[in-house]
Number of protein chains: 2
Amino acid sequence: MLIPIQQVAKQIGISVRTLRYYDQIGLLPTMAKTEGGHRLYTEEDLKKLQQILFLKEMGFRLDDIKQMLQKQDWNWASSLKSQLAYVQKEQERLRSMELSLRELISGVAVDGAENVVALQKLIRLSGQDKAKQIAFKSALLNDKELDLWQRLPHMNAADPHSMEWIALLAQVKQVMVEGTSSPKVQSIIRRMCEKMDEQFGDEPEFLDKLWELRKSPASSEQLGFYPIEQNVIAFLDEAFAFYDANTTAVQRKGEAAP
Amino acid sequence: MLIPIQQVAKQIGISVRTLRYYDQIGLLPTMAKTEGGHRLYTEEDLKKLQQILFLKEMGFRLDDIKQMLQKQDWNWASSLKSQLAYVQKEQERLRSMELSLRELISGVAVDGAENVVALQKLIRLSGQDKAKQIAFKSALLNDKELDLWQRLPHMNAADPHSMEWIALLAQVKQVMVEGTSSPKVQSIIRRMCEKMDEQFGDEPEFLDKLWELRKSPASSEQLGFYPIEQNVIAFLDEAFAFYDANTTAVQRKGEAAP
DNA sequence: TATACAAAATGACGCAGCGTCACTTTCAAG
DNA sequence: CTTGAAAGTGACGCTGCGTCATTTTGTATA
């Protein structure tokens with residue numbers, strides 16, 4: 001009925017070192033020993049060990065587990081609930097980490113991975129006080145526009161729309177040198193216009209307003225837009241203008257249809 | 001333009017010790033010093049510090065951050081993605097921890113918080129191989145019944161139905177001594193029947209089958225039911241029988257209506 | 001300019017939960 | 001009795017600092 005340490009380790013799936021450590025800190029002291037001093041474990045010990053491992057998986061610290069199993073009048077409800085609260089907080093933290101990571105990944109995709117530029121931008125973005133952003137937004141936009149705001153892609157690589165925008169932006173940067181009228185550029189611009197139409201075709205004034213805000217670096221930063229270099233923005237503006245001028249049925253800005 | 005260490009600490013919101021540590025490990029070495037050896041930080045240093053802190057919030061380790069900022073040709077995309085994967089794994093782990101904690105909390109609510117009984121049960125529950133449970137279930141139940149299975153409460157304290165079942169069970173245990181025919185017991189039984197009717201009134205045979213499985217400790221464990229002591233189950237069985245017998249319009253089991 | 005007091009520096013220990021040597025002793029089989 | 005595996009003890013290492021303890025430096029005042 002007495003089991004040597006290595007069998008216990010194999011059976012339960014932990015290391016011998018761990019068992020010795022648990023003995024050492026008094027978490028699972030070995031009652032039985034051979035004359036030579038080798039540890040021997042009873043069935044009781046195994047049960048207790050399972051409890052310990054279970055509680056460890058719940059995220060409790062060994063010290064707390066020791067107390068829990070020692071004191072027979074331990075307040076389980078209280079410590080379980082506080083542990084639950086802790087676990088929930090951690091989840092929240094990880095969720096925000098995931099969000100930031102996705103933004104960063106998107107940023108790298110746009111700017112190219114060579115330098116730390118994207119990082120710098122994103123740091124400014126994330127360092128921004130969210131409350132301030134919201135206040136600034138509310139001051140600039142009316143209720144309907146705040147509602148439309150939700151339709152904007154949010155630089156989140158999980159959203160396929162965002163992903164395409166990111167890809168398009170990155171492509172523009174690649175072929176900028178060819179000039180606004182180049183077929184490659186104009187093809188990208190056309191796709192961008194299509195996408196804008198898809199999502200905001202019914203609200204052309206909102207689109208214009210957004211684009212004006214985009215052109216102001218200060219506003220863009222305040223609003224938490226992903227920062228695009230000024231020269232890229234200027235290039236896009238020209239390219240859009242060229243596109244409008246050369247499209248027979250001018251429709252994009254809804255200014256006037258022939 | 002050179003800022004003493006404490007101002008940096010206050011401005012950025014970290015400790016002086018941290019700054020010295022970052023210097024020590026070469027993460028943010030101080031270029032400028034006074035003749036006496038006091039550290040002085042430049043604007044450059046501040047920027048780098050912000051990057052460091054941002055990456056630390058993303059969950060990177062200081063050692064990795066050092067590499068990232070040193071090597072100018074760092075593969076950002078790759079490390080960001082692997083970090084994202086890690087964060088997602090952690091979230092998964094925390095989710096399962098939360099689930100187990102909720103189960104444990106419910107268990108304590110049923111069994112009373114004095115002893116370690118609930119813990120023992122839950123350990124068996126969680127130690128079970130999920131795959132085995134599913135196989136066992138599939139062998140016992142047909143397709144429609146597997147579908148009905150979803151309606152069962154799952155000992156999750158977040159679900160109000162589960163919460164009431166837990167509360168009712170705990171109440172029964174409290175007043176068991178008064179006998180199956182006691183008004184208190186019968187009142188609880190009535191409520192239980194109502195709830196069963198609510199959720200499974202249309203499938204009385206399924207209810208009977210479940211109850212039979214419940215009465216077998218082995219099956220219950222295999223199915224991952226929350227373990228209820230045999231005496232409590234027997235008591236409930238008798239109490240249900242008494243309730244059926246004394247209800248004029250026998251309806252519960254749908255065996256036959258007058 | 002001497003003095004006092006704040007701020008900075010260095011050095012060391014501690015924390016959680018073991019992994020990983022290094023070295024010695026015990027156990028069980030032949 | 002030998003031998004090799006298994007077990008024992010002890011110590012250091014890891015992460016990212018917090019927290020003393022002790023010594024120097026910087027700066028403002030008397």
Side-chain angles (χ1 to χ4, degrees), chain A residues 2-42 45 48-49 51-69 79 83 86-87 90 93 97, chain B residues 2-42 45 48-69 83 86-87 90 93 97:
Chain A
L2 294 174
I3 315 165
I5 195 167
Q6 200 168 41
Q7 272 200 33
V8 176
K10 271 187 200 162
Q11 195 174 323
I12 307 289
I14 60 179
S15 76
V16 171
R17 173 70 173 101
T18 299
L19 284 168
R20 279 202 278 259
Y21 180 64
Y22 287 176
D23 187 4
Q24 184 184 327
I25 64 174
L27 178 57
L28 185 68
T30 32
M31 307 314 190
K33 292 202 174 186
T34 69
E35 1 169 330
H38 285 197
R39 278 167 260 256
L40 294 173
Y41 291 85
T42 66
D45 290 336
K48 189 170 174 186
L49 180 54
Q51 296 180 3
I52 290 170
L53 295 179
F54 179 78
L55 290 171
K56 193 157 79 72
E57 268 186 43
M58 302 293 92
F60 287 102
R61 290 178 321 174
L62 299 189
D63 202 24
D64 294 336
I65 298 179
K66 190 173 162 189
Q67 305 296 321
M68 294 181 191
L69 298 185
S79 46
Q83 184 64 14
Y86 166 74
V87 166
E90 278 296 291
R93 205 172 62 90
M97 282 169 57
Chain B
L2 294 174
I3 314 166
I5 194 169
Q6 199 168 41
Q7 271 200 34
V8 176
K10 272 187 201 165
Q11 195 175 323
I12 307 288
I14 60 178
S15 76
V16 171
R17 172 71 173 101
T18 299
L19 284 168
R20 278 202 279 260
Y21 180 65
Y22 288 174
D23 186 4
Q24 183 185 327
I25 64 174
L27 178 57
L28 184 69
T30 33
M31 307 313 190
K33 293 202 175 189
T34 68
E35 358 167 332
H38 285 197
R39 276 167 261 255
L40 294 173
Y41 291 86
T42 66
D45 291 335
K48 189 170 174 188
L49 180 54
Q50 301 238 7
Q51 296 180 4
I52 291 170
L53 295 179
F54 179 78
L55 290 171
K56 192 158 78 73
E57 267 186 44
M58 301 295 91
F60 288 102
R61 290 178 322 170
L62 297 189
D63 201 25
D64 295 334
I65 297 178
K66 190 173 162 188
Q67 305 296 321
M68 295 182 191
L69 299 184
Q83 183 65 14
Y86 167 74
V87 165
E90 277 297 291
R93 204 172 63 89
M97 281 170 57

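Naming convention: chains lettered A, B, ... in sequence-line order (proteins, then strands); numbering from 1 in each chain.
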Ile5(A) CD1 to dC18(C) P, in whole Å, measures 13 Å

- Query: Any side-chain heavy atom of Gln11(B) sitting closer than 4.5 Å to one from Val8(B)?
  - Reply: no

Salt-bridge test for Asp45(B) and Lys48(B): reply yes if a basic N is under 4.0 Å from a carboxylate O, no otherwise. no

(Q) When you compare the side chain of Leu28(A) with that of Asp23(A), does any pair of heavy atoms fall below 4.5 Å? (A) no

Checklist entry - With a 4.5 Å limit on heavy-atom distance, are the side chains of Ile5(A) and Leu40(A) in contact? => result no

query = Within the structure shown, what part of the strands sits under 4.0 Å from Arg20(A) by heavy-atom distance: base, sugar-phosphate, or nothing?
reply = base

note: Ile14(A), atom CD1; dC18(C), atom P; distance rounded to Å ~ 8 Å

If each end axis of the helix from dT1(C)-dA30(D) to dG30(C)-dC1(D) is fitted on five C1' pair positions, the angle between them, to 10 degrees, is 30°

Measuring to OP1 and OP2 of dC27(C), would you say a side-chain N or O of Thr34(A) lies under 4.0 angstrom away? yes

Taken to the nearest whole Å, CG/Leu2(A) to C1'/dC27(C) is 15 Å

Any Leu69(B) side-chain heavy atom under 4.5 Å of Lys66(B) side chain
no

Arg17(B) CZ to dT10(C) P, in whole Å, measures 11 Å

So, do Tyr41(A) and Leu2(A) sit near enough that their side-chain heavy atoms are less than 4.5 Å apart?
-> no

Atom NE2 of His38(A) and atom C1' of dA28(C) are separated, to the nearest Å, by 11 Å

In whole angstroms, the gap separating C1' of dC18(C) from CG of Leu27(A) amounts to 13 Å

On DNA chain D, more 5' by nearest nucleotide between Gly37(B) and Lys56(B) is Lys56(B)

Rounded to whole Å, OH of Tyr21(A) lies from C1' of dC21(C) at a distance of 18 Å

Validation row: Arg39(B), Arg20(B) side chains within 4.5 angstrom (heavy atoms): yes

- request: Indicate yes or no: at least one non-hydrogen side-chain atom of Leu62(A) is less than 4.5 angstrom from one of Lys56(A).
  value: yes

Glu35(B) atom CD is separated from dA9(C) atom P, nearest whole Å, by 14 Å

(message) Using side-chain heavy atoms (C-beta onward) and a distance below 4.5 Å, is Leu55(A) in contact with Met68(A)?
(response) yes

Contacted region of DNA chain D by chain A, from 5' end to 3' end of the hits, cut-off under 4.0 Å to heavy atoms, spans dA6(D) to dA11(D)

